[in-house]
Enquirer: 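Quick one: structure below, then a few questions.
Treat the numbers as computed from the prediction; the structure is a model and nothing was measured. Chain A is the first sequence line, chain B the second, and so forth, proteins listed ahead of strands; every chain is numbered from 1. No hydrogens, no waters, no symmetry mates; every other heavy atom, side chains included, goes into these values.
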There are 2 protein chains.
Amino acid sequence: MTEKDKQTEEKIFESATEVFIEKGMDGARMQDIADHAGINKSLLHYYYRTKDHLFNAVFEMIAGQMFKKFAPVFDEKLSLEEKIKFFFREHITFMQKNPGLPAFLLNEINRNPARIKKLIRQIDVNKLWLTLEAQHKDELKKYNITKQTIPQLMSTMAAISVFPFAARGILEGIFEKMDINFNDYIEERKVFAADFVIKAIKNDSSS
Amino acid sequence: MTEKDKQTEEKIFESATEVFIEKGMDGARMQDIADHAGINKSLLHYYYRTKDHLFNAVFEMIAGQMFKKFAPVFDEKLSLEEKIKFFFREHITFMQKNPGLPAFLLNEINRNPARIKKLIRQIDVNKLWLTLEAQHKDELKKYNITKQTIPQLMSTMAAISVFPFAARGILEGIFEKMDINFNDYIEERKVFAADFVIKAIKNDSSS
DNA sequence: ATATAGTTTAACCAACTAGTCAAAATTAAA
DNA sequence: TTTAATTTTGACTAGTTGGTTAAACTATAT
């Protein structure tokens, strides 16, 4: 029955996702995943031939989810400032709901950079820039943003958004001593981050 | 001979550091570390009883190095703006020389948050704030920086500095398609980061 | 020289791990 | 109902892994 197929295959995939996120590729055990899904270990190999196959399926799904969150920025009909606000609000909210993803991705990418490069190859970076340029020609000129400064600016935005989740363990440790709640900090960050970036680029012409 | 002791123990420690950074705690093999040090595996257990002992020694050393780089900011006799410039220059230069540390630390902290919390407990966060306040009372007021906004600001600075190294695999993948060299990007970032943050806080009163 | 203490090694082990396989159970088709 | 195909299982295996142990080696002190 195709129904049951989907059920078990999905159950395996979901269990694998949870276990891989928690333990990482090296730390995860096929037996753990099987137990978590309430099935026999052999079934894992029946649906996904090897641990590597299973991990790749999970990895590509998660990486895809993460990158997809950047896409709307390139077609929303918003001003540049509103796009910045939109990006931080959406991206941070997504990670709020999936707090384990950033650390998982960064770790596995560093452990095996080739895996992500295969996915990046599918992105047409130049086209994205052209889209942005077409949509915001005047604003980009006003803020002094060029094709040369975009990498610094974009990576800075990604950094401000992603880092708190990747470094959650450290931040929580420090915040404990200051009576700050991590979730409150994250909620606050959605607007802080946008304001911070907008203020920085607004001031650019005066330097 | 104490000379020889130090030699082998250090050789083990250095090899362990390299292997753990490359493979992580779970991925590293005691045999790898022994081979790398050119000694018998049993010697590892002679000097560091278990893999966990050896890993902890390495982890605490690296975490210490990383945190130490934040310290000078609190006693250098510089203006606030100069301190920001100083921080990014020094911190990024340090990571340039040790590009594997950020990813290693973030990963292992997420795998076992308790480990880092033990080290953080030794830091007197409140004292650091008081020091900063005493040294820069007027500037903090001028830039609208308070004890409440410090966490967002500091974590943002850490993010901008650390993230490129933690996400190196992704960035390199994207940069390849834009003919950008990662090392050039990092060199450029030392001043970009400082300028960016300074511009953001300068503009704060007008919001 | 020889006894003592510390260092290094080779051989070994028990526990674990990803993956296999043939048989059993379940489902679909005839 | 019988047959064929698919799915699930339990038992097993070959290879790894962290860790142990007793013996060999080295250096120091008497």
Enquirer: Looking at B/Ser42 and C/dA10, is any side-chain donor or acceptor paired with a base atom of the opposite kind under 3.5 Å?
Expert: yes

Enquirer: Nearest whole angstrom, please: distance from the P of C/dT17 to the CE of A/Met25.
Expert: 14 Å

Enquirer: Return the set of residues passing ring pair (Phe, Tyr, Trp, His ring centres under 6.0 Å) with A/Phe87 (not counting sequence neighbours), or none when no residue passes.
Expert: A/Phe70, A/His91

Enquirer: Under 4.0 Å between a side-chain N or O of A/Asn40 and OP1 or OP2 of D/dG10?
Expert: yes

Enquirer: Please report, rounded to the nearest Å, how far the C1' atom of C/dG6 is from the NE2 atom of B/His45.
Expert: 19 Å

Enquirer: Rounded to whole Å, please give me the gap between CD in B/Glu9 and C1' in C/dG6.
Expert: 13 Å

Enquirer: Take the protein atom CE of B/Met30 and the nucleotide atom P of D/dT20, then report the distance between them rounded to whole Å.
Expert: 10 Å

Enquirer: Using whole Å, what does the distance between atom P of nucleotide D/dT21 and atom NZ of B/Lys41 come to?
Expert: 13 Å

Enquirer: Do any side-chain nitrogens or oxygens of B/Arg29 fall under 4.0 Å of OP1 or OP2 in D/dT16?
Expert: no

Enquirer: To check you understand the geometry: which heavy-atom pair defines the closest contact between B/Met178 and A/Pro151, and what is its length?
Expert: CE-CG, 4.2 Å

Enquirer: I want to check one thing: is the phosphate of C/dT8, taken as OP1 and OP2, less than 4.0 Å away from some side-chain N or O of B/Thr8?
Expert: yes

Enquirer: Using C1' atoms of five pairs at each end, report the bend of the helix from C/dA1-D/dT30 to C/dA30-D/dT1 rounded to 10 degrees.
Expert: 0°

Enquirer: Would you kindly give the OH-to-C1' distance between A/Tyr46 and D/dA5, to the nearest whole Å?
Expert: 9 Å

Enquirer: Specify the separation, in whole Å, of atom CD of B/Gln31 and atom C1' of C/dT9.
Expert: 12 Å

Enquirer: How long is the line joining CG of B/Leu44 and P of C/dT9, in whole Å?
Expert: 11 Å

Enquirer: Under 3.5 Å, which donor-acceptor pairs do the side chains of residues 162-169 of chain A form with other protein atoms, sequence neighbours left out?
Expert:
| residue | atom | partner | partner atom | Å |
| --- | --- | --- | --- | --- |
| A/Arg168 | NE | A/Glu172 | OE2 | 3.1 |
| A/Arg168 | NH2 | A/Glu172 | OE2 | 3.4 |

Enquirer: What pairs with B/Lys118 under salt bridge (Lys or Arg N to Asp or Glu O under 4.0 Å), at least two apart in sequence or on another chain?
Expert: B/Glu60

Enquirer: Looking at A/Arg49, I'd like to know whether one of its side-chain N or O atoms comes within less than 4.0 Å of OP1 or OP2 on C/dG19.
Expert: no

Enquirer: How long is the gap from NZ on B/Lys117 to CG on B/Asn112, to the nearest 0.5 Å?
Expert: 10.0 Å

Enquirer: Under 4.0 Å, heavy atoms only, any strand: does A/Ala34 hit a base, just the sugar-phosphate, or nothing?
Expert: nothing

Enquirer: Taking ring pair (Phe, Tyr, Trp, His ring centres under 6.0 Å) as the test, write out the residues that go with A/Phe20, two or more places apart.
Expert: A/Phe55

Enquirer: List in chain and number order the residues that pass salt bridge (Lys or Arg N to Asp or Glu O under 4.0 Å) with A/Lys190, two or more places apart in sequence or in another chain; answer none if no residue qualifies.
Expert: A/Glu187

